[in-house]
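A short worksheet on the structure shown next.
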There are 2 protein chains.
Amino acid sequence: MVLERGLASTRVADIAKATNVSGGLIHYHFATKDDLITEMLRSTSGSEIQRLREIAAEPGGAVERLDRVLRFYIPASRSDQSWILWLDAWAVGVREAHVRTILLELEGAWIEILAEVISQGAATGEFTCDDPQGAAERIDGMLDGLVVRYTLHAGGMSRGRLLHHARVAAAREVGLAVAVFEDQSPAPED
Amino acid sequence: MVLERGLASTRVADIAKATNVSGGLIHYHFATKDDLITEMLRSTSGSEIQRLREIAAEPGGAVERLDRVLRFYIPASRSDQSWILWLDAWAVGVREAHVRTILLELEGAWIEILAEVISQGAATGEFTCDDPQGAAERIDGMLDGLVVRYTLHAGGMSRGRLLHHARVAAAREVGLAVAVFEDQSPAPED
DNA sequence: CCCTTGACTGAACGGCTAGTCAGTAGTAGG
DNA sequence: CCTACTACTGACTAGCCGTTCAGTCAAGGG
C-alpha cells in the first residue's frame, strides 16, 4: 500500500481496505498511525537485514560473495519498486527520530556486511584493500545514489548500467579488474 | 519553511505567515499548493544549476576545478540543511512527474558538469580516464548517497570524512593519488 | 449455561487545512 | 472625477482522515 500511495498519503482506511479489515481494528492493535508505519518499517528493514546476512554467508570466493551482495542491493528489475519505501523513509526520517534509527540500522548493516566481505577477501589475498570500512561506505553510498536515479527516472539508467557501475567501483576498491566481476553473471538490460 | 517543516507538512498558512501575507494571496498567485511547491523547487534547482556552472567555469587546473565542484556538492557545514529539500523532493518525485522532471534536470546538470571537467582534464593530460560520463555518474551517485547519510545521521559521518570519500573516489576515477586532492584545502571536522 | 475476555466492526466525531469569495485599497488611464 | 484593474485581505467552507466508541460475536473456563 505504501509503495503504491506513498508514506505521506497512505491512509489508515487504505490499509484497512487492503487487508479486508475495519479501520477500528488497526487502532485496536496500533495506538496511532505512526506506530503502525514505524512498525512496518522496522519489520521490513529487519527482514532485509536478515536476508542480507544469509546472502553474505553463502559459500563462495570473495569475488563471488561481493558480487552477490551487490546484486542483492540493486532492484531486481524495473518492476521491483521496493526502494520507493526507503526514499519515503529518508524524507520522514529527517524529522522523526524513530524512523532515523531504523534507517541507521539498515545502512549500518549494509556497510558492515560490505566491509566484512572485503576484509575477508583481503585476508585471503583475493583482494587488495587497505581501508575496507571506507571502501564499504563509498560503495554503499554510490549504490544508494545510483538506485535513487534508477528508481526515479525510468529512461535515465538501465539496470545493466547500474550493475556495471557497482562492479567498476567495487573492482577498483579491491584492486581488481572489472572483468573479474562481469564474469559472475550476464548484465540484464532493462 | 519547507526545510523546517518538510514538504509534506508545510501548510499554505505557514508560508503565508512566514512571508507576512494572507493565505488568500498565495492562492491569488498560485492556483494550488502543488503549483507553489513545484515553482519553488524549479526556482531552487535553477539557481543551484546556475551557481554550479559558474563554479565549474572559474579558472584553474583540472584538479582544482574538480575539487571545487566536489566541495560545492557537499553541505557547507552541519547547519547547512539545504539537502533536506531534495530528500523530500525525491519522495514526492516518485509520484509526481513535474517534480521528477525538475530532479532529472538537476541531476543531469551535475553529471554533465562533472563529466565535462573530467573530460577537459583528460584532454590536457592531467587526468587519465577513458569513460568520463561513467565516472561522473558514479561520483554523482556516491555523493548523493553519502550526503543522505551525512544529513540524516548527525554522528554517522563527519564532513571531513565525506569530503575525503569524495576525493578518494574522484582521484581513483581520474587516475591520480588522493594526496593531490587533499592538498586543495584542509578538511574540516564537523 | 453464564460470564469474561479478546478480536473485531462501522458509524460518528472533530480537528485540520486547501481553496473560495466578497469586499477593500491603491493606482493608472482617460 | 470616474472607471477599471490589480494586489491584497480575512473569514468562511467543504471535505478529508485519524481516532474514538458503543456494541457484536465467538471461544474458553468454571
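Letters A, B, ... mirror the listed sequences (proteins, then strands); counts begin at 1.
Rounding to the nearest 0.5 Å places CD1 of A:I113 at 11.5 Å from CG of A:D140. The distance from atom CG of B:L66 to atom CG of B:L70, rounded to the nearest 0.5 Å, is 4.5 Å. Considering CG of A:D131 and NE2 of B:H164, their distance stands at 6.5 Å, rounded to 0.5 Å.
We find that NZ of A:K33 is positioned 12 Å from C1' of D:dC16, with the value rounded to whole Å. Distance, B:D14 CG to C:dA18 C1': 12 Å, rounded to whole Å. Between the CG atom of B:L7 and the P atom of C:dA18 there is a distance of 13 Å, given to the nearest Å. Regarding A:L36, its CG atom lies at a distance of 10 Å from the P atom of D:dT19, rounded to whole Å. The distance from atom NE2 of A:H27 to atom C1' of D:dT20 is 9 Å, rounded to the nearest whole Å. Rounded to whole Å, atom P of D:dT19 lies 13 Å from atom CZ of A:F30.
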Can you tabulate the close N/O pairs, meaning under 3.5 Å, that link protein atoms to atoms of nucleotides 12-14 of chain C?
none

All N/O contacts under 3.5 Å from nucleotides 8-12 of chain D to the protein, with atom names and distances to one decimal?
{"residue": "D:dC8", "atom": "OP2", "partner": "B:H29", "partner atom": "NE2", "Å": "3.1"}
{"residue": "D:dT9", "atom": "OP2", "partner": "B:S22", "partner atom": "N", "Å": "2.9"}
{"residue": "D:dT9", "atom": "OP2", "partner": "B:S22", "partner atom": "OG", "Å": "3.0"}

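Checked for salt-bridge contact, A:R172 and B:E173 meet the test: a charged N lies under 4.0 Å from a carboxylate O. Under a 4.0 Å N-O distance rule, the pair A:E137/B:R161 qualifies as a salt bridge. Between A:R100 and A:E107 there is no salt bridge, since no side-chain N of the basic residue sits under 4.0 Å from a carboxylate O of the acidic one. A salt bridge links A:E54 to A:R51: one of the charged nitrogens lies within less than 4.0 Å of a carboxylate oxygen.
At most 12 heavy atoms of other shown residues, nucleotides or ligands fall within 6.0 angstrom of atom NE2 in A:H98.
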